[in-house]
Each structure stands twice: as C-alpha cells, then as structure tokens.
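Accompanying notes for the structure given below.
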Amino acid sequence: MSTHLDPITVTGIGLDEPAGLIDAHGRRRNDTRLTPYVADVTSDQLLSLLRDMIVLRRLDSEGVALQRQGQLGLWAPCQGQEAAQIGSGRALNSDDVVFPSYRETGVMLARGAQPGDYVRMWRGEEGAAYDPAVMHMAPLQIIIGAQTLHAVGYALGILHDGSDQVAVTYFGDGATSQGDVNEAMIFASSYRAPVVFICQNNHWAISEPVAVQSQHPIAGRAPGFGIPSMRVDGNDVLAVFAATRWALEQARGGSPAFLELVTYRMGPHTTADDPTRYRDPAELEYWRGKDPLARVEALLRAEGALTDEIAAGFAAEADEAAMQMRAACLSLTTRGPLAVFDGVYAEPHTGIDEERADYARYLATLAEA
Amino acid sequence: MSTHLDPITVTGIGLDEPAGLIDAHGRRRNDTRLTPYVADVTSDQLLSLLRDMIVLRRLDSEGVALQRQGQLGLWAPCQGQEAAQIGSGRALNSDDVVFPSYRETGVMLARGAQPGDYVRMWRGEEGAAYDPAVMHMAPLQIIIGAQTLHAVGYALGILHDGSDQVAVTYFGDGATSQGDVNEAMIFASSYRAPVVFICQNNHWAISEPVAVQSQHPIAGRAPGFGIPSMRVDGNDVLAVFAATRWALEQARGGSPAFLELVTYRMGPHTTADDPTRYRDPAELEYWRGKDPLARVEALLRAEGALTDEIAAGFAAEADEAAMQMRAACLSLTTRGPLAVFDGVYAEPHTGIDEERADYARYLATLAEA
Amino acid sequence: MAQMTMGKALGAALKQSLADDPKVLLLGEDIGKLGGVFRITDGLLDEFGAERVIDTPLAESGIVGTAVGLAMRGYRPVVEIQFDGFVYPAFDQIVSQVAKLHYRTQGTVPMPITIRIPWGGGIGAAEHHSESPEAYFVHTAGLRVIAVSNPQDAYTCLRQAIASDDPVIFFEPKRLYHAKGEVDLETPLADAAPMGLARVVREGTDATIVTYGAMVRTALEAAEAAEAEGRSLEVIDLRSLSPIDYGTVCASVRRTGRVVVAHEAAREAGVAAEVIASITEKCFTWLEAAPLRVTGHDIPYPPAKLEKFHLPDLDRILDAVDRVCDDEQLLEGVDR
Amino acid sequence: MAQMTMGKALGAALKQSLADDPKVLLLGEDIGKLGGVFRITDGLLDEFGAERVIDTPLAESGIVGTAVGLAMRGYRPVVEIQFDGFVYPAFDQIVSQVAKLHYRTQGTVPMPITIRIPWGGGIGAAEHHSESPEAYFVHTAGLRVIAVSNPQDAYTCLRQAIASDDPVIFFEPKRLYHAKGEVDLETPLADAAPMGLARVVREGTDATIVTYGAMVRTALEAAEAAEAEGRSLEVIDLRSLSPIDYGTVCASVRRTGRVVVAHEAAREAGVAAEVIASITEKCFTWLEAAPLRVTGHDIPYPPAKLEKFHLPDLDRILDAVDRVCDDEQLLEGVDR
Ligand SMILES: Cc1ncc(C[n+]2csc(CCOP(=O)(O)OP(=O)(O)O)c2C)c(N)n1
Ligand SMILES: Cc1ncc(C[n+]2csc(CCOP(=O)(O)OP(=O)(O)O)c2C)c(N)n1
Ligand SMILES: [Mg+2]
Ligand SMILES: [Mg+2]
C-alpha cells in the first residue's frame, strides 16, 4: 500500500529561497526587485519599524500572560511574525482597508489600535475588537479564509467609487486550502480588483505542517490565476515593507497582487494549544536563529543607528504599552443580560422584541425570588 | 469610474496555441510531447474513434429532438465536444472510474452505456442515469464541481487499496471558479492521488464567456498546485487521446494530472437555453471551421482509411443507436407514488416508515373517493 | 395598476431600486446579457451598465462573500442565486458572515444584502432545481426571510428587502414566475404594508390554512373546493417567514380553532413545525383540534416524474382539513 | 465497566471501529499527531497509521467531498469537523451529496459516512466555536442525526453510527467531554439498544422535559430542584434527533400531559418546534397545557461573557415548568 496518504512534511523553503533585504545575520542584501522600493527608507524609519516590532512582541507576551491569569479567554500569539505584520501593515496608506484573520495583532498596532482594542474580543466581551470604520480594518475573522472574499468585494466597491484605496487581506498558509481563498483570487483576477493578498506562511496550521496544504511554494499559485506574486522572507521587515509597497503599486495600477511572507509561528497556535505534541524543538531553534527582531537590531546597531539608549527607550515604550493594555483589559465591563439582544437587526424586529420582553419577564421573576 | 467590473471577454486561446496532432484542415501535426503517446494508434483505431463521435453526434441530436417533442424534460447537448469526450473516454481502462458532470454523453458512450442510460435521468424518471458500478462512472453531477472532490476521495481509496486504477473527473471552464474544484486540486496534490482532472473549456458557462472565470489559460492553474498540466486542442480527437494517456500515466505513476481541452459548445447550454441572446453568430461560424468530426474525417479520407462505404456504415450505426435510444426512452415507465420513499435510507427508518404509511392511507382515501 | 407576471414585477422592482439608489448593485451568474436564466434581470445590463449588473464567476460562496465586502463599503448588493439548490455552497458566508456581522460589530456595520432565490418545485426540473431551503434561513438568527406569492408582493417586498438595512433572503416561487396579476407600481414604498406582515388572502370560519409562496394558490383552490362542500376556510399568506407575524396568524386561529399549515419543504423541523409550535403556545386554549402539517415528504426532492407524489396539492390539503375538522377521525389519528 | 470521560469513550469507540473494520478511516484537521484539538483521536495515528488516521488540508468541503468519494469506493469515512461553526463550508457537500446520493442512485450506492461535530456552548469560547447547528441537519432528509449526552451513549452510538450504512451527523457536546461516567465496552454492538431510541433518564409524573446533549444534565438538575418543591418531572434524552423516537416521547407525554422542550440552539424552526408540532399532532387530547420551549435566543451566539444570558439553565427550565404546570399563569401567558 502506498504511504502517500501521509503528506510529505518537508517544506519547500529550501527549494526556492525567498526574496530578502536583510540576511539572518543582520547584513544588508540587495534584491533587484525589492531594493528600489525602499530606496527612500531612512535609518529612522527602520528604527521606527523596529520599535513597533518590539512593542508588538511585548504586547503579545502580555496577551499570553493575561490569558494565563484568567483575564482573557484565549490569545493567538504572533511571536515570530512581527516583521511580516509590522512591515506590511506600516506600508499601507491610512485609508487602505485591512481584512485580517485572528492573528493580526501587529497589523492592529500598525493601524493605531487603542489599548483596549487588543483584548476586547479575546476577553469575550464583544464580537469585534475595535470599530472597523475608525481602524479601517474589518473585524478579526475566525472563519478561515472568509475575509479574503470580503476584501475582494470591498475592492470592487473601491473600483466602483473610483478611489485609489486598496483592500489588503491577511491569512495563513492553512487558509490557502479553503475554497473561499481560491474563489477570492479568481474574483479578484476577473475584475482586476485593487486587492493585496498577504499570506503569512508561518509553517503551521495548528498541528499541520504547511506541506499538508501545499508541497510547493504558495506564492506559485497566484500567477496561475493571473495574479502577480512574490515570495518574500517574512522575517525581514525591510523586505516585507518593500514587497508590500510593490504589491500596493500593482493594486493601485489595476491588478491584484499576492505576497507569500515566509515566516514562523514561534509560539503555540493559541494559548489553548500545546505545540510540543507535534513540533520538533530543533525546528523552533532553527527559526530562533532567524528571529525578525534580532536581525534588524543587528543591522541598526552595525550601522550605528541603534544605541543602548534608544533600545532602552523602546523597551520602556513597550512596557508602557503592555501596562496600558493590561489596565484596559482589567477595566473592561460586561454588558447586562438584555444586551444579548442588541445589534442583531438594524431595523425593528417583532421576533426579537418578543423574545427580549419574555427574557425581561423571566429576569424579573429571578429578581423577585 | 473603472470599467473593470465588466470582465474582458477576449479569451486566451490565441495567446497560447494548444497542443494538437491534427490541424483544422485534417492534416497531421507533430507534437513532441503528444506524438509518442499515439505511436501505436492505427487507422482502424482512429476510425473507431470517428465512429463513436459520429454516433455521439447523432445521439445528441436525438436527445434534443426528444426534448423538443416533450419526451425529455431537458437535454444538455455536447455537440462540438465529441473529440474531447470520445478521445478522453476511450483512452481510459475499463476499470478506471469516471466522475462526470451533466454534459458527458460522449463519455457515457465510451463507457458502454445502454440506450436507456442516456435518457433515464433527463426524462425525470430516476436520479441516476445508469448503475455506477456497471459503468464505472459516478452519477452525472449537476452541482458544479462537486464531483471533483468525489474523484479525489475515490482516488485516495484506490491508493489505499494499492490498485492501479485512476479516478478521472470531468468539469467545465465555469466549474474552475468553484471552491470545490480548487480544493480538489489541493487535496489531490497533497496526497498525490491518482486522479486526472479533465476540464472541457468549451468557452461558455451558460451565457458567460470563459474570460469571466479566467483571463488566462486554465491549464496554467494546475502547476501552481503542484499538478502537471497540458493545454490541448479539444477538437482534435487524436491529441485528446494522446494527452489523456499522458495524464493517466502521471496518475498511475503517483501524481495527479490536469488537462484543459480547448473546445467549443456548438449548441445551447441546455435545451432550455437560447444562446442567440448572448453569443455572436460569427463565433459559432469560426468554431464550425474547427469541427472535431470534420477534421478527423478529412484526415482519414486523405489517408484512404475512410471510404464512402465505411462512412455510410457509421451513419447507419448512428441512426440505429439513436433509434434504440428513442425506443428506450419511450418505453420508460414511471414508478408509482410510494416509490418516492424508496432508497432514502439504506437501513430501516421509523420516520420514513411513518410517512410512507400516512401517504398510503391518504392514497387509499383517494382510491375510495 | 398594470397586469404583469411575477417575473416582470420582480424585474420592475430591481429596476426601480437601481434607479432610486446608486448604491444598489446586482451580482449573479448570467444576470447580464442573458438577463438571468429566468430573465428577471432582462434589460438591466443595457440600462445600468456592467458596473451595476455584474456577471460573476461561477462560485456562490464567492458571490455572497463579495457582496459582504461591498456591503461593508456601503453598497446594497442584490444577489441572484441561480436556483434554490445552488445556495448551499454559499451557506457558510450567509450563516457565519451575512447573518452575524451586524451583531459582531455591535450594530455598527449593517449588512443590507438581498439574496434572491428562485425557489421550489412543480416545474419538472432536474435534480437540485426544486429545493425548498427556507427553514435553514428561518432558523438562522440575523436574517430576515421573505417568500412571495403574487406579482404585487413580489414587486413591493423586493423593493422593501433591498431598502432594508438588514440582510434578506428573498424566495421567489419559480412556478409562479409566469402567473399574472395586477401590480401597482406607483404607491410610494413608505405607504405600502411592511414586508413583515402576513396577509389573510381569504376569510373563513371553520379552519385556517397557513401557508406561503406557490402553495398559497393551492390553498386558495382548496378553500374553494371546500366551500363547495360547505366548509369555510381562511387562508393566510405568511409572506415573512422570519419574523413570522403571529399577530395575524393567532387572530385567525382564535376565530377558527383549527389549523393546517402547508409548505413544499420537508416536514421535519420545517417552517410548519415552527408555526405549529408557536400557535400551540400562543393559542392553546382556543385550539379545537391538533394543528396538522401538509408538507413535502422527508425525502430528497424526487425525480421530476415523481414530484406530483411529493408536493402537497389540493387533495392533500383537503385531507388534512378533513382530519382537523373531524374530531372523531382526529382521535383515531392520534392513536396510530 | 470502566469509569471514563466522554472524550475517552469517543476515542475508545473510534479505536474499536478502526480495529473491527479495515474500511473505517478517519479524516480531519489536526486529528493525527495532535490527536484533534479535543484529543479525541489521541493515540490513533500511532496505532493505525497515517493511511487510516488522515490529517487533511484545511478545507471542510474538501474533507466531506473526499469522504463521499471514499464511501463510493467502499470505505467508511469518519470525519471530524473541528468545531461546530466550521461545518458550514461543507454544507453543500453534506446536503446535496452525502444526504442525496443513496436516493439519487435508487439505493445502490450507500453513504456510510459519520460526521462528528464537537458541539455547543458553555465553554467560554470565541465566536463560531459554540454553535448548535443540529436543526439544519434534522431538516435535511437522507441524514440521521445523533446527539449524545453521556460517556456510555457516546461510546455505543458512535460505534453504531460508524457501522450504519446511512450517513450520520454525530453531535458531541463539548462541555461534557470531560464529564465522567461508567462505560461498558464489552457488550456486543448487536445487543446494545439502537441509537435511534430515546431514553427516559428520570421518571416523573407532573411534566415531561424533552431534551438532548449537554442540556440533559441541566434538565436532570432542574428535575431534582423541582422535586424539592414537590414536583415530579420526567426527563427524556432524545439521543436521535432524526428520526425522533416519538414512541418514547408520546408515551411520557400521555402520562404527564405537560411538556417542556429544551435545547441550546435558536428557537425559530429548531428541533423543539419539531418536537412540539409532532407531540401536538400525536398527543393533542392528552395535553393539559401548551408545550413550551426553552431555547437559546434567536440571536447569533453572543460573546463568551454573555453566553450565560443565552444558554438555557436550570432556572429557565424551571420557569417554563412553572408556566406549563400553572394553568392560570398559562392563560395569562397566551394572552400577551
Ligand atoms: C472554516 C474553519 N475551519 C477550521 C478552523 C479551525 N482553525 C482555526 S485556526 C486553524 C489553522 C489556521 O492555520 P493558518 O491558516 O496557517 O493560520 P495560522 O493560525 O497559522 O495563523 C484552524 C484549522 C476555523 N477557524 N475555520
Ligand atoms: C453550484 C451550482 N451553481 C450553479 C449551477 C447552474 N449552472 C448549471 S451549468 C452552469 C454553467 C457551467 O459551465 P461550465 O462549468 O463551463 O460547464 P458547461 O456547461 O459549459 O459544460 C451553471 C452556472 C449549478 N448547476 N451548480
Ligand atoms: Mg499558519
Ligand atoms: Mg463551459
């Protein structure tokens, strides 16, 4: 009997070295496609990307801590994906609109999230973490891949309005197996929708290595749909920044674009997960060597832009942000019982009115007793 | 405002000439990839492919006639696709298993369908046209693309059984937009399932030109999923035969394969359709010039294998097959009222028993009245 | 007032909605040049252009998911699902996104999407072309569900559905597409009865038939036949399947005390079960007999030649009316 | 007899089924090395290998569609849907293929597929992780639907479901995964009560509570609390939601005359509506009061912190019992 039912679990990363601008030792590399897109990026800007990554890592570990302490129901850590999220998120215009999955804490940061925004949903207080209109960001999406179609529809609206905004959607390597994500590429291609697909290939979909989904580089799928794509070192914040600019340029120029950001989920899938059950510790070690923060830090230190003082400042900012997030979390209050009926419909609805009334009657009997 | 919401309707056929072995004038062409696969094909075999195509065209027009005469509820003509269906269907081993869409009359023919098999479903007598086990062919599938996943599952079973059969699935250009078809390619690739995907790109999905689904050759999508593919002239029966052998070889060798057969739906989508509402008559004329029957006839006549006498024999066989189909159609009987409950469940079911009994009671009251 | 078919009335509603509000867009398979397989959108491409009457790739999840994004951008997408049986690939986007997004965003993001579904059997169609999936959507909180039975309601309710800030699943009985009726195209939308209300389409005193869609006509025929036998049946067209207008339904039941609920869809956990459970709860002391269901059997929709044995018809409705009115037979009935 | 959690009992059932029949295969996301997010398949990959315990790509339609093909090849696929809210992408394959293929082929092609769904709320989970979609499947002819409430039934019914030649949607209440009970692993399958039967889990005389899944425990608690107040409640665990064992249900209702039906799922066109419509039809003359429903509200599942205001609990069941037993309050009730 064949053993092919067991998908090969060797990933394609060695096959096709992703494009990058900073190597794992923090040295600049040239890339003919990417370099032009960051010619204007100063050390200060790179520092500011590093700052966001440092703050993000701190927020992320605070999220884990809050969950461990029972203050959050769940948390989906993004440790290891800071460059992918900050590098791409920071490349967007403020009125570009993001359609994220649940793991995009870093994109939220790049979009200017307020402290409470990070925790409201994970604490189970509300369905959406933030106001989508304020953040220019759709609610975090849990149904794998569903948001990619929303992005395409939104992008059709952009086209229709004649605006130069772009819809940008984030999803994982696992998500690429969903019909929706493929349909999204097809719709985007047929309508030339101004949408950028950003796949963070973090090598795992919970316990499944990326090879279960794809035994070939994921970025290789998009061209078949007529969508130009790039496979980029997702742990290289400068490369991600450059590639995102490239992709946005495509989108503003009339074509969707696709990025595969090759990165790694250093933590568990969520705080409910135990990766020791399925993951070789050596793999984690290997990826620690490619830490997205370390390499840009090394570069900036080597180039003299990052000093101990600046680093200490960033750490303090990060601690402050984490404290604010914690404080916001602890100050969240739970709505009352009848709030469960709020917002189901936008217009009056006899059914919900009757149920609310009956539930209020019931609550009154409890109060009496 | 952009006009991109109107997908471009120029198809990619000129972009990338599909592979072929017989040109539109009935002259042999060489193709380094395809020619080796038909080195053994004699004139007699080619004649026999032509015979099937002639019979198929006749059956197909009889189906239309039966529908017009009120004997069938619907018919999905395959005129123009004879080479695609006969060329591929005849290349299969008898125990390969086909997962068709609703338009695969020619594949049914190649699989040895009995006269009644062509009409039973379209007349509305039964859900399945034939016995799947006898035909090695799943029931005709109406839900676009659903059968492609069944083929992959079946192919996993083949792998598991260590058999050298292949699951072969047919679908249209429109179907390639469905999530299911993309998921099927992904599953097939991950498990290296012995499945052949045959897309008959007949240029239309009802009224939508193929460019609504894809503005690039459809065969270009498969390699992105890690599936080798070929884009073949679907009106060239020899090329289709060759390409199918190539694809089957891939599948028996441990890899799925994908064929795009570039062909044309010369008739309406179904007998319920009116293509004059959306199709330029010049396009039809253009494709008449590429008629799949005409070119192989021309070749066989030029090579002396086809004589008037043989042609007359084929025509007579075709008439005979059509007459048998008509006779089978007219002799079909409708099951009685209580038959609606048959076959819902494989095991006893109290719910259905009760409903059947109640309906029988009701029918008895009618009989009394 | 104009005489027109339901199909034309639906087309007129789409046309008026497109004309009234530039945010209205149509999406679907073959709705452009072809005008849809039922020609409901006939002429709209020419009049409003390919930016507003959009032929989509062949993928229902894609269509509905795209509509969600358009709604987030402030549009009012009107989706045509080609046939009832093809809505299931879009089920996830409808149930997990369309129905929930307004709630998920604490009411900040409305989902003014209308999903039109040519619906039901009785037209001798192939498999998957005669489904009655309404109960799935009625059971899904966050959606409104409308089912029309005549050209006037088709026209008015479709405009109301499109104008609604809530998502509406809009069922159009295929076998009535060619049925004609008077349609008032003039009355301003604001003056029309809301789509949420049921309507007593025939008054009667002995029993109430509650139904909707194509079955309204069958129920009216049954009521006429019953009248010949001296039985007076009230017929109610629910129109809105979610929410259901129990005010109208219960008022009738309290008068007649006897109820038959009819629909084409399967019986188990169908809309009739909902109606009967609610009627029983709200009108128990008025009921003189157990409310009965007349529905499609709990079987997959059968092949076309057998559909007449599946679909409730006049005789099956009258059979149930007999049973609900005949207290002796009723007692026998419950004993089996 | 062994004490074990429901989770372990389910794992034992899978293991036994894999051991008994080489045609049984498991398919799902993360069911291999991880043993599933709930660890139900823990250890099975090691024991039976990757050819029989198959981690799939992340696509539910793909999983179920693949299972259909495997079933056509003669296999008995057992699918794990990771959470209730992720079954919707597979809805088309379930409704149009799994449920209909046997009928479509005039009974020649069986579909012995079991689709396991970790199910329901009460565990403080994120959105889409607490759904109760059972009514969708109950309404779908061609499927059987099972919902278990204790380790023994979990073990026995899952083995029966896998052995059945019909497709079974198998609901496992997540919040009981860790609840322990006695499990008899020895009795041959042929000697066990069929999964299609309901079970009286507590006898009583004043009213009948009909429920299933995690709510059985809540109903039992309610019955105990009621007993303290001198009211005797009978509790029925339906187990099979399609078909429903009305023999057992009606026998109880004819004794008590009063009924409350409880479930977590939304109320409109839910399983309780089905049960009440059928009870009313079959037991009308025995009913002393209108049967009442205690269900989740007709809202999308709320954020975790609010779920306690959504899920029926002991008090809400007792409230309904009070109303169903108190004829005066009942009359008030119906008037509102
Ligand atoms: C439709 C659906 N199926 C299954 C799940 C359960 N699930 C949540 S996350 C996840 C893995 C996703 O992997 P990937 O797309 O790579 O994203 P990552 O978590 O690595 O960021 C799964 C299977 C889901 N949320 N939605
Ligand atoms: C899920 C689904 N959606 C829509 C339809 C309606 N429909 C039937 S055939 C068809 C066009 C199919 O086009 P294509 O895949 O190119 O196949 P062809 O008919 O050209 O052979 C459509 C939209 C369907 N049968 N199933
Ligand atoms: Mg991942
Ligand atoms: Mg086609």
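Reminder, nothing fancy here: chain letters follow the sequence lines and each chain counts from 1. Quantities reported herein were computed from a predicted structural model and do not represent experimental measurements.
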### Message
At a heavy-atom distance under 4.5 Å, which candidate from C/Gly142, C/Ser242, C/Ala90, C/Gly85 has the highest pair count against chain D?
### Response
C/Ser242
### Query
Could C/Glu274 and D/Arg293 be called an ion pair, given the rule that one side-chain N must be under 4.0 Å from one carboxylate O?
yes
### Query
Which region of D/Ser61, side chain (C-beta onward) or backbone (N, CA, C, O), has a non-hydrogen atom less than 4.5 Å from a non-hydrogen atom of chain C, or is it both or neither?
neither
### Task
Compare all side-chain heavy atoms of D/Val95 with those of C/Phe91 and state whether any distance is below 4.5 angstrom.
no
### Query
Tell me, side chain or backbone of D/Leu241 under 4.5 Å from chain C's heavy atoms, or both, or neither?
backbone
### Message
Under 4.5 Å from any heavy atom of chain D, what part of C/Ala99 do you find: side chain, backbone, both or neither?
### Response
backbone
### Query
Are C/Tyr88 and D/Ile94 side-chain neighbours, meaning at least one heavy-atom pair lies under 4.5 Å?
no
#### Entry: Part of C/Tyr301 within contact of chain D (heavy atom distance under 4.5 Å)
backbone
#### Entry: D/Lys100 and C/Glu127: CA distance, side-chain angles, deciding distance, side chain to side chain contact (heavy atoms under 4.5 Å, CB included) verdict
CA-CA 10 Å; D/Lys100 295 191 168 99; C/Glu127 203 189 359; 4.0 Å; yes
## Note on the structure
Bottom line for C/Glu131: the part with an atom under 4.5 Å from chain D's heavy atoms is side chain
#### Entry: Portion of D/Pro302 that has a non-hydrogen atom of chain C nearer than 4.5 angstrom
both
### chain D contact via C/Val138 - which portion, at a heavy-atom distance below 4.5 Å
both
### Query
Side chain, backbone, both or neither: which part of C/Tyr103 has a non-hydrogen atom closer than 4.5 Å to chain D?
side chain
### Message
Could you check whether any side-chain heavy atom of C/His128 comes within less than 4.5 Å of a side-chain heavy atom of D/Ser96, counting everything from C-beta outward?
### Response
yes
